[in-house]
Amino acid sequence: MKLLYRFLLATVVIFFVVSTVDSSKRLHTDTSKPLCGLCVNIVNQLDKVLEHGGDIEEAVDKFCKEDVPSFMVDMCEKVIEKNLEVIIEKLKNHEAAEKICTDIFLCRTPKKYYFLETEK
């Protein structure tokens with residue numbers, strides 16, 4: 001009976017640890033910061049503009065005024081203005097939008113749980 005009790009207790013503990021880590025992974029995705037989605041969208045749009053030789057400033061103005069809630073327009077313009085050179089340089093190096101937004105701290109780096117990984 002004690003053996004069965006210990007087995008059930010160990011199973012519950014293992015289940016709890018795995019489910020907690022799994023839910024933590026969901027909470028710390030690259031999109032868990034509020035501005036991450038907007039950043040990824042504008043970086044993708046800027047990438048298209050660069051590919052076609054369009055006007056970057058016009059694209060930024062259009063994005064901030066049309067695709068962002070009105071109360072965030074000023075902040076959108078300031079954030080992009082502050083990071084525009086970095087964004088353009090990274091786009092020229094073919095970096096992904098998600099990585100660029102993580103590098104400028106508008107997205108989170110997905111956390112890795114090395115203690116759960118097994119050696120291959």
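Remember, it's a predicted structure, so these values are computed and weren't measured experimentally.
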* To do: Evaluate the side-chain contact (heavy atoms from CB on, under 4.5 Å) criterion for residues L46 and I56: first the C-alpha distance (whole Å), next the side-chain angles of each, then the deciding distance (0.1 Å), finally the verdict.
  => CA-CA 7 Å; L46 291 175; I56 295 288; 4.0 Å; yes

* **Atom pair CD1 (I87) and CG (L106), whose distance is rounded to the nearest 0.5 Å** => 8.0 Å

* Structure fact -> Interatomic distance, CG@L91 vs NZ@K48, rounded to 0.5 Å, equals 12.5 Å

* Asked: At what distance, to the nearest 0.5 angstrom, does CG of D74 lie from SG of C64?
  -> 9.5 Å

* **Residue pair D67, N41: steps toward the side-chain contact (heavy atoms from CB on, under 4.5 Å) verdict** => CA-CA 9 Å; D67 296 341; N41 288 340; over 6 Å; no

* To do: Drop me the distance from H52's NE2 to D47's CG, to the nearest 0.5 angstrom.
  => 10.0 Å

* **Atom of I42, atom of V60 and distance for their closest heavy-atom approach** => CD1-CA, 4.4 Å

* Structure fact -> Distance col, row K99:NZ vs T102:OG1, nearest 0.5 angstrom, shows 7.5 Å

* Sorted by first residue and then second, give each salt bridge (charged side-chain N to carboxylate O under 4.0 Å, His left out) pair with at least one member in residues 84-94; sequence neighbours left out. => K90-E95, K90-D103

* **Within one Ile-Leu-Val-Met-Phe-Trp-Tyr cluster: F105 and M72, side-chain cutoff 4.5 Å** => no

* Would F63 end up clustered with M75 when hydrophobic side chains under 4.5 Å apart are linked, directly or stepwise? -> yes

* Atom CD1 of I104 and atom NZ of K82: how far apart are they, to the nearest 0.5 Å? -> 9.0 Å

* Walk me through it: do E77 and E81 pass the test side-chain contact (heavy atoms from CB on, under 4.5 Å)? => CA-CA 6 Å; E77 291 171 347; E81 180 182 323; 5.8 Å; no

* **Which residues share a side-chain contact (heavy atoms from CB on, under 4.5 Å) with V40, sequence neighbours left out** => C36, N44, A97, E98, C101, C107

* Asked: Is V73 linked to L38 within one hydrophobic cluster, defined over Ile, Leu, Val, Met, Phe, Trp and Tyr using a side-chain heavy-atom separation of less than 4.5 Å?
  -> no

